[in-house]
Every structure is written in C-alpha cells, then in structure tokens.
Amino acid sequence: MRYRLRTLLILLAIMPPLLWIGWTNYEAWKAEQERQAARERLLRERRDLTGIRIRLWQVNTGRLFFPTAPPQPMESPERAEAAERADAPAAPRGVR
C-alpha cells in the first residue's frame with residue numbers, strides 16, 4: 001500500500017472540517033453574488049423604465065426636444081490661471 005493507515009486517519013480527521021468551512025464560505029459568497037446580480041438587474045430595469053416614462057411624458061406634453069451636447073465641466077481657478085499663463089507670450093531671454 002502506498003499510504004499507511006496513520007496517514008489515512010489523519011486525512012479523515014482533517015478533511016471534513018476543512019470541507020465544511022469551505023462549503024459554508026462558498027454558500028455565503030454565492031448568496032451575495034445572487035443578491036448583487038438581482039440588485040443590478042432591478043436598477044437596470046428601473047433606469048430603463050424611467051427613460052421610457054420621461055420619453056412618453058415628453059411626447060405627450062409636446063416637450064420632445066433633440067438632445068444637445070452635455071455641458072462642459074467648470075474649470076477650477078488654478079487650472080484657469082495655468083491655462084492663461086500657458087497662453088501668455090514668453091518673455092525674451094535676459095529680460096525679467
């Protein structure tokens with residue numbers, strides 16, 4: 001025999017608790033994954049329904065419009081100053 005009886009007894013003592021711990025962790029992970037998938041599905045359905053309701057409201061009230069470009073984000077004052085400095089002409093060499 002390749003393995004001795006002592007080795008098999010050690011495996012019989014160690015493996016069931018390890019398998020039980022691993023299985024319970026897997027079940028908890030699987031349940032969490034299912035909850036997250038259900039939540040994402042619900043949010044996607046709500047977003048789709050909201051878009052449909054808004055579009056129907058626009059059509060029914062005559063407020064249907066063509067979308068324009070999204071507004072540009074406002075620049076911070078520091079970035080505006082840096083852009084102004086970059087646009088300013090450089091001073092000639094030797095002159096401060």
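Being a predicted model, the structure only gives us computed values, none of them experimental. Position 1 is the first residue of the sequence; numbering continues from there.
- Among residues two or more places apart in sequence or in another chain, the ring-ring contact (aromatic ring centres under 6.0 Å, His included) test is passed with Trp23 by Tyr26.
- For the side chain to side chain contact (heavy atoms under 4.5 Å, CB included) test, residues two or more places apart in sequence or in another chain that qualify with Ile10 are Arg6, Ile14.
- The side chain to side chain contact (heavy atoms under 4.5 Å, CB included) test applied to Arg41 returns Ala37, Ala38, Arg44, Glu45, not counting sequence neighbours.
- Under the side chain to side chain contact (heavy atoms under 4.5 Å, CB included) criterion, Glu32 pairs with Arg35, Gln36, sequence neighbours left out.
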